[in-house]
Engineer: 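Have a look at the structure that comes next, please.
If you're wondering where the values come from, they're calculated on a predicted model, not measured in any experiment. These values consider heavy atoms only, across backbone and side chains, with no hydrogens, waters or symmetry-generated copies. Residue numbers count from 1 along this sequence.
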Amino acid sequence: MHMSLKIGIIGFGGMAHWHATNASKIEGVDFVAAYDVDEKQLQSAQEEFGMRPCRTLEELLSIPEINFVLVATPNQIHRSEEHTSELQS
């Protein structure tokens with residue numbers, strides 16, 4: 001049985017762009033949506049990878065087809081209370 005990854009990305013800066021560029025080459029990997037506080041980053045995710053731009057974390061996490069979330073925020077906020085509490089819900 002072949003399962004595809006339907007990915008949502010939290011934070012779409014340099015590392016997320018790198019991950020999306022490389023992982024999108026893998027069969028069965030589909031980037032569905034991205035959340036970022038920077039509108040330019042969301043525009044990049046949408047234009048370059050066809051991702052749905054999410055303006056809130058709740059919006060990204062409510063997309064039922066996403067089965068994998070990649071946290072690509074800067075290291076110092078990887079485990080922020082906001083992200084941790086949202087992901088545990």
Side-chain angles (χ1 to χ4, degrees):
M1 175 184 200
H2 185 272
M3 181 181 159
S4 62
L5 283 178
K6 304 289 187 182
I7 301 173
I9 298 182
I10 299 173
F12 199 77
M15 284 307 299
H17 191 274
W18 184 88
H19 287 302
T21 298
N22 291 291
S24 64
K25 298 173 186 174
I26 301 169
E27 184 179 341
V29 173
D30 182 27
F31 287 90
V32 176
Y35 161 69
D36 200 290
V37 295
D38 185 333
E39 192 65 34
K40 288 182 183 180
Q41 300 294 21
L42 288 178
Q43 185 176 2
S44 174
Q46 184 177 31
E47 291 175 1
E48 294 181 53
F49 300 98
M51 292 184 217
R52 173 178 160 181
C54 297
R55 286 160 183 83
T56 66
L57 187 54
E58 295 81 9
E59 181 183 359
L60 182 131
L61 296 175
S62 70
I63 300 171
E65 68 189 280
I66 292 176
N67 59 16
F68 185 89
V69 175
L70 172 64
V71 178
T73 56
N75 289 340
Q76 66 271 22
I77 61 171
H78 270 263
R79 301 195 80 204
S80 74
E81 288 182 13
E82 175 186 346
H83 287 163
T84 302
S85 64
E86 291 298 329
L87 292 172
Q88 289 175 349
S89 319

Engineer: Partners of Glu27 by side-chain hydrogen bond (donor to acceptor under 3.5 Å, both in side chains), sequence neighbours excluded?
Structural biologist: none
Engineer: For Ser62, what residues pass the side chain to side chain contact (heavy atoms under 4.5 Å, CB included) criterion, not counting sequence neighbours?
Structural biologist: none
Engineer: Using a side-chain heavy atom cutoff under 4.5 Å and only I, L, V, M, F, W and Y, what cluster partners does Met15 have?
Structural biologist: Trp18
Engineer: Provide the closest heavy-atom pair for Gly11 versus Ala16 in the form atom of the first, atom of the second, distance.
Structural biologist: O-CB, 3.2 Å
Engineer: I'd like to check the side chain to side chain contact (heavy atoms under 4.5 Å, CB included) partners of Ala33; sequence neighbours left out, ordered by chain and number.
Structural biologist: Arg52, Cys54, Leu60, Ile63, Ile66
Engineer: Taking salt bridge (Lys or Arg N to Asp or Glu O under 4.0 Å) as the test, write out the residues that go with Glu65, two or more places apart.
Structural biologist: none
Engineer: For a quick test of your reading: what N or O donor-acceptor pairs under 3.5 Å do the side chains of residues 40-47 make, sequence neighbours left out?
Structural biologist:
unit_1 : atom_1 : unit_2 : atom_2 : d
Gln43  : NE2    : Glu47  : OE2    : 2.8
Ser44  : OG     : Glu48  : OE2    : 2.6

Engineer: Considering only residues two or more places apart or on different chains, which pairs with a residue in residues 2-23 satisfy salt bridge (Lys or Arg N to Asp or Glu O under 4.0 Å)?
Structural biologist: Lys6-Asp30
Engineer: Please write out which residues are connected to Met51 in a hydrophobic cluster, directly or through intermediates, given that two of Ile, Leu, Val, Met, Phe, Trp, Tyr count as joined at side-chain heavy-atom separations below 4.5 angstrom.
Structural biologist: Leu5, Ile7, Ile9, Phe12, Ile26, Val29, Phe31, Phe49, Phe68, Leu70
